[in-house]
Amino acid sequence: MQKNNFKIREVLSSELGYSEPMIKKLICGTNKPSYEVMLKLSKEHGIPFEAWQDIRAWLGLPPTRTQLKLREQACGDSNIKS
């Protein structure tokens, strides 16, 4: 999915004018684009709305430590492998 990662970064940077720190926040899942931007990305670039619920998983990136801790707390299992 590295191709998708590059594609999203390229579109956010060149077409939408996002700065690199903001792109990192979007890819990390800390922030999400506005509805209008998600609509444009969906129509013009084939990035589905559902991807933004867990963009890291859609891109095939490993979960963050925070995501792993939340999963562990939700499941009550410390042996979760992702």
Side-chain angles (χ1 to χ4, degrees):
M1 292 280 182
Q2 291 298 329
K3 185 177 180 183
N4 284 335
N5 189 355
F6 178 76
K7 176 183 174 183
I8 287 178
R9 286 179 179 276
E10 186 66 29
V11 169
L12 291 173
S13 175
S14 63
E15 291 186 28
L16 299 174
Y18 282 111
S19 65
E20 187 59 31
M22 183 60 176
I23 293 171
K24 286 181 181 181
K25 289 179 183 179
L26 292 171
I27 299 298
C28 237
T30 305
N31 292 6
K32 294 182 182 180
S34 68
Y35 176 79
E36 292 81 16
V37 170
M38 285 193 273
L39 183 63
K40 181 176 182 169
L41 291 171
S42 177
K43 284 184 176 180
E44 295 178 12
H45 301 285
I47 302 166
F49 284 106
E50 297 80 28
W52 294 103
Q53 288 182 347
D54 189 358
I55 193 66
R56 291 184 64 83
W58 188 78
L59 291 171
L61 299 173
T64 63
R65 283 182 277 193
T66 304
Q67 289 172 328
L68 289 174
K69 285 181 183 178
L70 290 173
R71 288 181 192 170
E72 182 179 314
Q73 289 173 356
C75 297
D77 184 6
S78 61
N79 295 324
I80 297 175
K81 304 273 195 256
S82 292

Contact summary for Gln53 and Lys32, nearest pair of heavy atoms: CA-NZ, 4.1 Å
Arg56 side-chain N/O to Gly29 backbone N/O, donor-acceptor pair under 3.5 Å: no
For Val11 against Leu41, the heavy-atom pair lying closest together: CG1-CD2, 3.4 Å
Nearest atoms (heavy-atom pairs only) where Leu61 meets Ile27: CD1-CG2, 3.9 Å
From CD (Glu10) to OG (Ser14), nearest 0.5 Å: 4.5 Å
Closest contact, heavy atoms only, Ile47 versus Trp52: CG2-NE1, 3.9 Å
Verdict with reasoning, Val37 to Leu16, per side chain to side chain contact (heavy atoms under 4.5 Å, CB included): CA-CA 8 Å; Val37 170; Leu16 299 174; 3.5 Å; yes
Separation between CG of Leu12 and NZ of Lys7, rounded to the nearest 0.5 Å: 11.5 Å
Gap between atom OG of Ser34 and atom CG of Leu39 - 0.5 Å precision: 9.5 Å
Sequence neighbours excluded - side-chain hydrogen bond (donor to acceptor under 3.5 Å, both in side chains) pairs with any residue from residues 37-48: Glu15-His45
Gap separating the CD1 atom of Ile8 from the OG atom of Ser13, nearest 0.5 angstrom: 13.0 Å
Contact check, side chains of Leu70 and Gln73, non-hydrogen atoms, under 4.5 Å: yes
Set of side chain to side chain donor-acceptor pair (under 3.5 Å) partners for Glu50, sequence neighbours left out: none
Flag side-chain contact, heavy atom, 4.5 Å: Glu20 against Ile23: yes
